[in-house]
Amino acid sequence: MPRTSTAASPTASSPAAPDARTAAPRPLACTAALACALLAATTALATTTEATATTTMAAATAAAEATRPTKKRLTRKKSIKRKLTRGQIAASAALAQLGVSFSWGGGSPKGPTLGIGRGAATRGFDCSGLTLYAWSRAGVRLGHYTGAQFRQGRRISRTARRAGDLLFFGGGRADPTHVALYLGGDLMVHAPKTGDVVRTTSFAKSSYYRAVYRGAVRPG
């Protein structure tokens with residue numbers, strides 16, 4: 001057999017085997033690519049999470065800032081309410097009844113009522129009915145009679161009068177015949193007479209009221 005026939009080898013006609021030096025890096029390249037992809041995804045997720053946290057924190061901060069003025073206003077309102085004197089509360093309650101009809105014997109701690117006698121058909125206040133109602137709003141109970149109210153408190157000088165003090169008029173040396181609530185300056189609020197309504201009056205400018213003024217009393 002010629003020698004050349006034995007020189008042929010099955011490997012000569014088979015596909016060439018890959019070179020180990022070029023085949024080895026491929027798994028490493030895939031691993032590196034996968035690591036890069038995971039790093040990119042992790043970075044994106046971290047960025048999204050951080051952005052969400054920042055937005056949430058900003059929203060919470062904005063909400064807190066928005067509610068803070070409201071709390072301040074509520075605190076300020078409570079502070080103002082605490083500073084009101086009982087007389088101011090009474091004066092305010094009386095002013096809220098402006099325009100309500102005069103009714104002889106009318107009025108209670110709860111508000112206007114039907115009166116008695118000539119006031120039986122009218123719902124409203126008489127002078128002492130208005131003052132007892134107003135002071136009941138301030139937590140002070142008064143009798144439904146001008147003479148009784150004249151003795152339910154301490155006398156106040158002209159220069160020391162404050163809002164809500166009771167002003168008394170008429171009666172000579174007997175019990176006063178009319179009572180009103182002092183507002184300040186020369187004003188009072190009262191229920192004057194049958195056919196009239198609760199109103200404010202400048203008593204210091206009235207020749208009638210100046211002539212029959214009996215003094216001021218602060219209830220409580």
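When a residue number appears, it is its place in the shown sequence, counting from 1.
Closest approach of Ser108 and Thr113 over heavy atoms only: OG-CG2, 3.7 Å. Between Gly170 and Arg214, the closest heavy-atom pair is O-NH1, 2.7 Å. Among all heavy-atom pairs drawn from Arg123 and Pro112, the shortest one is NH1-O, 3.5 Å. Closest of all the heavy-atom pairs between Thr146 and Cys127 is OG1-SG, 3.7 Å.
With a 4.5 Å cut-off on side-chain heavy atoms, Tyr133 and Lys110 do not count as touching. Inter-residue side-chain proximity for Tyr213 and Arg158 is flagged as met; some heavy-atom pair is nearer than 4.5 Å. Leu181 places a side-chain heavy atom less than 4.5 Å from the side chain of Leu166. Using a 4.5 Å heavy-atom cutoff, the side chains of Pro192 and Thr201 are not in contact. At a threshold of 4.5 Å between non-hydrogen side-chain atoms, the residues Pro219 and Gln152 do not count as touching. Side-chain contact between Leu130 and Val198 is present, with at least one heavy-atom pair separated by less than 4.5 Å. Side-chain contact between Val189 and Arg199 is absent, with no heavy atoms from C-beta onward closer than 4.5 Å.
Leu187 and Phe168 fall within the same hydrophobic cluster, defined by Ile, Leu, Val, Met, Phe, Trp and Tyr side-chain heavy atoms under 4.5 Å apart, directly or through other members.
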Verdict with supporting geometry, Gln149 and Thr131, side-chain contact (heavy atoms from CB on, under 4.5 Å): CA-CA 9 Å; Gln149 293 182 7; Thr131 53; 2.7 Å; yes
Chi angles and distances behind the side-chain contact (heavy atoms from CB on, under 4.5 Å) call for Ile156, Val217: CA-CA 6 Å; Ile156 302 298; Val217 169; over 6 Å; no
Stepwise side-chain contact (heavy atoms from CB on, under 4.5 Å) test for Met188 and Tyr209: CA-CA 11 Å; Met188 66 182 184; Tyr209 286 114; 3.8 Å; yes
Criterion side-chain contact (heavy atoms from CB on, under 4.5 Å) on His190 and Phe125, from CA distance to verdict: CA-CA 9 Å; His190 63 145; Phe125 297 100; over 6 Å; no
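Stacking of Arg161 on the aromatic ring of Tyr182 is recorded, both the 6.0 Å distance cut-off and the 45° axial limit being met.
For Arg210, the CZ atom sits in a packed shell: over 12 heavy atoms of surrounding residues, nucleotides or ligands are nearer than 6.0 Å.
Remark: Asp175 engages Arg151 in a salt bridge, criterion side-chain N to carboxylate O under 4.0 Å.
Counting only distance, with no hydrogens or angles, the side chain of Trp135 and the backbone of Arg86 share no donor-acceptor pair below 3.5 Å. A side-chain donor-acceptor contact under 3.5 Å links Asp165 to the backbone of Arg162.
Aromatic pair Phe203/His178: ring centres not closer than 6.0 Å.
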Taking only distance into account, with no hydrogens and no angle test, what donor-acceptor pairs under 3.5 Å do side-chain atoms of residues 89-104 form with protein atoms, sequence neighbours excluded?
unit_1	atom_1	unit_2	atom_2	d
Ser103	OG	Gly115	N	3.1
Ser103	OG	Gly119	O	3.0
Ser103	OG	Thr122	O	2.6

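Note that CG of Asp186 is 3.0 Å distant from OG of Ser202, once rounded to the nearest 0.5 Å.
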